[in-house]
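First the structure, in the form of structure tokens, and then the observations on it.
Bear in mind the structure is a predicted one, so any value in this text is a computation, not a measurement. Lettering of chains follows the sequences in order, A, B, ..., and the numbering in each one begins at 1.
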Protein chains: 2
Amino acid sequence: MNIGAAATESGLPAKTIRYYEEIGLINPDRGENSYRDYSDQHVHKLRFLQRARSLGFSIDECRQLMSLYEDDSRASADVKFLANKHLEEIEQKIAELASMRDVLKNLVNSCHGDARAECPILDDLARTGAKLHGN
Amino acid sequence: MNIGAAATESGLPAKTIRYYEEIGLINPDRGENSYRDYSDQHVHKLRFLQRARSLGFSIDECRQLMSLYEDDSRASADVKFLANKHLEEIEQKIAELASMRDVLKNLVNSCHGDARAECPILDDLARTGAKLHGN
DNA sequence: ACTTTACCTTCCAGTTGAAGGAAGGTTTAT
DNA sequence: ATAAACCTTCCTTCAACTGGAAGGTAAAGT
């Protein structure tokens, strides 16, 4: 299977698949024309990567997950640990974004949004803030 | 004021301040020793940037906000539009992360996390999925 | 057979927003 | 005098791709 077909099957762009090869995530065979040749196994791997990436795992975490996946003697605890760590990072990220959202929402709500220059949003951004170091 | 002091005052690392200069966000004066010299105005701008960045505005959005801030004849509607667009992006991002979180949470919960190899997390990542394109 | 179109190849540059470090000049403190 | 704490510029690296150029190959149309 050529890279185009592998892309279609895996849901990953061809560019990305080449990139994954470059960083050692996957190693397709090569045909006589030097075209990459993907087996169903390869496509399976690609889909694994696609799914893991879509859940927000980093490339490095994907690498670890793949290696666990291919390790028959793995302990599910190791997988769970990875997944749980990632879950916590996501929750952390959500909390940060939610905090930004709350502040922004207030600012947006407090702004008239008309032709006048007066703007609580800019006022907030520009406010000196409580300088803890005195002055 | 030297860059170190400006860093302390603004809450931005000196490295970042130099970077902001490189990309044209701020233009400090230079002393005879070629050291950058920041006025209170400059520091004020830096703090503006710090605050906007902390709310997740991109550098480019910061640029626009700064330019609105310095434009006496601005319309608050323009600021509100920018802020609102950003707010929507944040909410979008939160929704994506929340969706990842929900899936991951289920997976983590379903995994024993013991010494056995069997692991629903990997099973999920590896599952072929419903192939919509037939076969 | 010829041509167009649709693939494929490699390589290089750009993206975002910095952080890290080397090599060296300056200033301040001891 | 000398050490430390600054400052300077320049270059490299990070994640995870994406886009494009220049060129080779294959399949389809005429």
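- If you check the side chains of Glu88(B) and Gln92(B), you find no donor sitting under 3.5 Å from an acceptor.
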Would Tyr20(A) and Arg53(A) count as a side chain to side chain contact (heavy atoms under 4.5 Å, CB included) here? Give the steps. CA-CA 12 Å; Tyr20(A) 285 176; Arg53(A) 290 288 298 131; 3.5 Å; yes

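- Listed nucleotides dG24(D), dT9(D), dC7(D) differ in distance to Arg30(B); the shortest reach to its side chain belongs to dT9(D).
- Take the nearest nucleotide of DNA chain D for Ile3(B) and for Ile59(A): the residue whose nucleotide is more 5' is Ile3(B).
- In this structure, CD of Glu22(A) is placed 14 Å from P of dA16(D), rounded to the nearest angstrom.
- Spacing between atom OH of Tyr19(A) and atom P of dG14(C) amounts to 18 Å, rounded to whole angstrom units.
- Under the 4.5 Å side-chain heavy-atom criterion for ILVMFWY residues, a single connected hydrophobic cluster contains both Ile23(B) and Leu46(B).
- A straight line from CZ of Phe57(B) to P of dG17(C) spans 13 Å, rounded to a whole angstrom.
- Distances shorter than 4.0 Å separate none of the side-chain N or O atoms of Arg18(A) from OP1 or OP2 on dT18(D).
- Residues Lys93(B) and Glu96(A) are not paired through a salt bridge, judged by the lack of any N-O separation under 4.0 Å between the basic side chain and the carboxylate.
- Regarding Arg53(B), its CZ atom lies at a distance of 14 Å from the C1' atom of dA19(C), rounded to whole Å.
- The neighbour count for Asn109(B) CG, taken as heavy atoms of other residues, nucleotides or ligands under 6.0 Å away, is above 12.
- Nearest heavy atoms, Ser10(A) versus Gln50(A): O-CG, 3.5 Å.
- Rounded to whole angstrom, the span from the CZ atom of Arg36(A) across to the C1' atom of dT25(D) amounts to 15 Å.
- Other residues, nucleotides and ligands place more than 12 heavy atoms under 6.0 Å from the CG atom of Asp102(B).
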Produce the list of close N/O pairs, under 3.5 Å, pairing protein atoms with atoms of nucleotides 19-21 of chain D; give distances to one decimal.
{"from": "dG19(D)", "atom 1": "N7", "to": "Lys15(A)", "atom 2": "NZ", "distance (Å)": "3.0"}
{"from": "dG19(D)", "atom 1": "O6", "to": "Lys15(A)", "atom 2": "NZ", "distance (Å)": "3.1"}
{"from": "dG20(D)", "atom 1": "O6", "to": "Lys15(A)", "atom 2": "NZ", "distance (Å)": "2.3"}

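- Rounded to whole angstrom, the span from the OH atom of Tyr20(A) across to the P atom of dT18(D) amounts to 8 Å.
- A residue-by-residue look at Thr16(A) and Asn33(A) shows that Thr16(A) has its nearest nucleotide of DNA chain D further toward the 5' end.
- Between the CZ atom of Arg63(B) and the C1' atom of dT16(C) there is a distance of 12 Å, rounded to whole Å.
- Separating the CD1 atom of Ile23(B) from the C1' atom of dT16(C) is a distance of 10 Å, rounded to the nearest angstrom.
- With DNA chain C read from its 5' end, the first of the two nearest nucleotides for Ser58(B) and Glu32(B) is the one closest to Ser58(B).
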